[in-house]
Amino acid sequence: NNINAVALGSKNTLRFGALYNYWLAPEGKRFYYGRKGEVHTISGVITDQYSFGKLLLDGGFRLNNEYFEEWGGFSIEGSGGKFTNVEPIVDEWQSPVWQATSGATYSISPFTSLHVSIAGGIVNPRKGALNNSGETPDNETRFNYDVGLVKEFSRLGKFTFTTFWVNRKNAIDYSGKTIENGEDDIMELYKNVNKRNYGIEGELKSTVILNTLTFFTNFTFMKGEIEGDSDWQKDDEMPNVISNVGMNYFKGKIDINAFLNYTGAYKNDRFVSKDYLAENGKAPLGDFVTFDLTAGYLIGKEQRARIYVEGKNIFDVKHQTVPGYPDNGRMVSAGVSLTL
């Protein structure tokens with residue numbers, strides 16, 4: 001990996017670089033065990049940053065590609081025994097992937113700045129993915145647009161407010177349909193569909209209060225839409241609200257951390273039986289509040305050891321974020337961590 005920075009002037013900096021990665025696993029690795037992997041990855045990047053006093057402009061472009069000398073993993077999660085006789089991918093280039101970014105920052109004052117950014121690129125479908133017609137889905141083109149304001153308060157902290165819009169053309173999504181691939185194997189099919197979501201985000205990070213306390217809070221309000229036959233429709237597989245509140249207390253050898261999360265309601269039909277879908281529609285998800293709390297105490301002269309007690313989902317709220325995989329509920333643990 002090589003990255004170079006060249007000052008084209010007192011206010012202009014050009015950066016460019018290249019990367020080459022060679023991955024060889026003759027007997028596979030982790031859940032790819034037993035299937036050889038030999039992959040070459042190459043990429044190049046170029047960025048430029050220019051300052052006009054209070055205005056800072058930047059932009060960049062990255063191109064990435066992979067060459068499969070041999071690949072027999074096929075993203076297997078678990079045992080790969082059923083794929084023993086499947087022919088590996090040999091001597092094949094993958095589709096190139098590009099990413100581009102551009103942005104601007106304007107310093108209104110030493111404590112206030114306005115930010116604008118645009119980021120885009122393409123997402124390739126997973127190797128071997130098929131649509132309902134038995135063909136490989138098209139690449140997804142994704143662009144993200146952000147406009148935000150950052151304000152720092154000497155006594156309160158740092159506040160960030162952002163509006164965003166994400167446009168996904170030919171988004172790679174599950175179609176909800178499956179085909180039988182062999183006697184016991186079932187393959188889930190994909191589809192290309194246009195999606196977009198937009199909304200606002202806010203975050204407040206406090207300064208240290210009374211030398212013992214810090215807190216943060218953030219929220220996201222968004223609306224997801226999916227293109228139908230004639231018009232855009234609400235995407236009910238995405239929550240409209242996500243919010244968090246956190247606190248950290250530390251004094252002497254004692255530390256206490258608290259975290260509260262709310263995730264809004266949404267739905268999904270993955271891993272849901274056809275009978276359930278026919279009777280009830282998509283499975284309801286989200287719409288829950290969880291509370292985590294951790295307390296610790298430092299011991300020893302050098303305070304390298306910490307005794308802690310941690311509770312997750314203390315109120316034992318029953319919820320799930322994926323159909324058929326409910327949260328474990330309340331979990332309490334205790335232990336000792338040591339820094340060497």
Side-chain angles (χ1 to χ4, degrees), residues 55-62 97-108 112-125 137-151 158-176 190-205 216-246 260-270 281-290 319 321-323:
L55 179 63
L56 180 68
L57 300 178
D58 60 77
F61 182 82
R62 179 175 182 264
V97 176
W98 63 267
Q99 297 171 327
T101 61
S102 63
T105 300
Y106 181 76
S107 298
I108 301 174
T112 307
S113 56
L114 179 66
H115 301 258
V116 179
S117 70
I118 302 174
I122 63 173
V123 179
N124 291 333
D138 295 331
N139 292 337
E140 174 183 338
T141 303
R142 185 181 303 181
F143 278 91
N144 187 91
Y145 307 87
D146 293 297
V147 178
L149 180 71
V150 178
K151 175 69 176 180
K158 182 179 179 181
F159 177 71
T160 303
F161 179 81
T162 307
T163 62
F164 64 89
W165 179 40
V166 181
N167 187 38
R168 301 174 60 189
K169 184 178 180 181
N170 288 327
I172 304 169
D173 203 1
Y174 292 103
S175 68
Y190 295 80
K191 64 179 178 180
N192 289 114
V193 61
N194 295 330
K195 286 187 172 185
R196 66 188 183 191
N197 60 286
Y198 48 88
I200 59 175
E201 296 178 331
E203 181 179 50
L204 176 63
K205 292 182 178 180
F216 75 89
T217 180
N218 56 55
F219 63 85
T220 300
F221 297 102
M222 61 183 172
K223 183 177 182 180
E225 295 181 330
I226 186 169
E227 189 174 24
D229 295 333
S230 58
D231 199 2
W232 289 89
Q233 303 169 357
K234 183 180 183 299
D235 186 0
D236 58 6
E237 295 188 359
M238 181 178 297
N240 291 332
V241 182
I242 300 175
S243 183
N244 303 286
V245 178
L260 189 71
N261 165 263
Y262 171 70
T263 299
Y266 62 101
K267 301 178 180 180
N268 205 293
D269 58 1
R270 291 199 66 196
K282 296 180 179 179
L285 303 170
D287 195 21
F288 61 85
V289 176
T290 57
H319 68 278
T321 55
V322 178

Problem - Set of residues satisfying side-chain hydrogen bond (donor to acceptor under 3.5 Å, both in side chains) with respect to Ser175, sequence neighbours excluded - result: Asn132
Fill in the blank from the handout: Residues passing the ring-ring contact (aromatic ring centres under 6.0 Å, His included) test with Tyr145, sequence neighbours excluded, are Trp165
Exercise for the section: Would you mind reporting whether Thr321 and Leu285 have side-chain heavy atoms less than 4.5 Å apart? Expected result: no
Exercise for the section: Test Thr112 against Val150 for side-chain contact (heavy atoms from CB on, under 4.5 Å), laying out the working first. Expected result: CA-CA 6 Å; Thr112 307; Val150 178; over 6 Å; no
Exercise for the section: Determine whether more than 12 heavy atoms belonging to other residues, nucleotides or ligands lie under 6.0 Å from atom NZ of Lys282. Expected result: yes
Handout entry: Shortest non-hydrogen contact from Asn170 toward Asn192
Key = O-ND2, 2.9 Å
Exercise for the section: Name all residues meeting the ring-ring contact (aromatic ring centres under 6.0 Å, His included) criterion together with Phe288; count only those two or more places apart in sequence or in a different chain, and write none if there are none. Expected result: His319
Practice task
List in chain and number order the residues that pass side-chain contact (heavy atoms from CB on, under 4.5 Å) with Ala265, two or more places apart in sequence or in another chain; answer none if no residue qualifies.
Solution key: Asp287
Problem - Sequence-distant partners of Asp173, salt bridge (charged side-chain N to carboxylate O under 4.0 Å, His left out), two or more places apart - result: Lys195
Handout entry: Nearest-0.5 Å distance, CG of residue Leu56 to OG of residue Ser107
Key = 8.0 Å
Handout entry: Heavy-atom side-chain proximity of Val289 to Leu260 below 4.5 angstrom
Key = yes
Exercise for the section: Grab the two heavy atoms, one from Ala100 and one from Phe61, that are nearest each other, plus how far apart they are. Expected result: CB-CD1, 4.0 Å
Handout entry: Spacing of OG1 belonging to Thr263 relative to CG belonging to Asn240, to within rounding of 0.5 Å
Key = 12.0 Å
Practice task
Show your reasoning for whether side-chain contact (heavy atoms from CB on, under 4.5 Å) applies to Ile172 and Asp138.
Solution key: CA-CA 8 Å; Ile172 304 169; Asp138 295 331; over 6 Å; no
Handout entry: Distance-minimising heavy-atom pair for Ser243 and Phe219
Key = OG-CB, 4.0 Å
Practice task
Only counting residues at least two apart or in another chain, list the ones meeting side-chain hydrogen bond (donor to acceptor under 3.5 Å, both in side chains) with Ser113.
Solution key: His115
Practice task
Sort out for me which residue in Thr160, Thr162, Ile108 forms a side chain to side chain contact (heavy atoms under 4.5 Å, CB included) with Leu149.
Solution key: Ile108
Handout entry: Partners meeting salt bridge (charged side-chain N to carboxylate O under 4.0 Å, His left out) with Lys267 (sequence neighbours left out)
Key = none
Practice task
Using the test ring-ring contact (aromatic ring centres under 6.0 Å, His included), find all partners of Tyr190 that sit at least two apart in sequence or belong to another chain.
Solution key: Tyr174
Handout entry: Val193/Ile226 under side-chain contact (heavy atoms from CB on, under 4.5 Å): CA gap, chis, key distance, verdict
Key = CA-CA 7 Å; Val193 61; Ile226 186 169; 3.5 Å; yes
Exercise for the section: Evaluate the side-chain proximity of Glu201 to Phe221: yes if any heavy-atom separation is below 4.5 Å, no if none is. Expected result: no
Handout entry: Side-chain donor-acceptor contact under 3.5 Å, Asn139 with Thr141
Key = no
Practice task
Specify the closest pair of heavy atoms between Pro137 and Pro125, including all atoms of both residues, with the distance to one decimal.
Solution key: O-CG, 3.4 Å
Practice task
Would you please name every residue forming a salt bridge (charged side-chain N to carboxylate O under 4.0 Å, His left out) with Glu225, sequence neighbours left out?
Solution key: Arg196, Lys223
Exercise for the section: Using the test salt bridge (charged side-chain N to carboxylate O under 4.0 Å, His left out), find all partners of Glu140 that sit at least two apart in sequence or belong to another chain. Expected result: Arg142, Arg168
Completion exercise
Taken in chain and number order and not counting sequence neighbours, the residues that satisfy ring-ring contact (aromatic ring centres under 6.0 Å, His included) with Phe161 are none
Problem - Nearest heavy atoms of Gly148 and Leu114, plus distance in Å - result: O-CD1, 3.2 Å
Handout entry: Residue pair Asn194 / Trp232: nearest heavy atoms and the distance that separates them
Key = O-CZ3, 3.6 Å
Exercise for the section: With salt bridge (charged side-chain N to carboxylate O under 4.0 Å, His left out) as the test, would you mind laying out the steps for Glu203 and Lys158 before giving the verdict? Expected result: CA-CA 8 Å; Glu203 181 179 50; Lys158 182 179 179 181; over 6 Å; no
Exercise for the section: Show your working on side-chain contact (heavy atoms from CB on, under 4.5 Å) between Phe164 and Thr220 and close with a plain yes or no. Expected result: CA-CA 10 Å; Phe164 64 89; Thr220 300; 4.2 Å; yes
Exercise for the section: Taking side-chain contact (heavy atoms from CB on, under 4.5 Å) as the test, write out the residues that go with Phe216, two or more places apart. Expected result: Lys205, Asn218, Asn244, Phe259
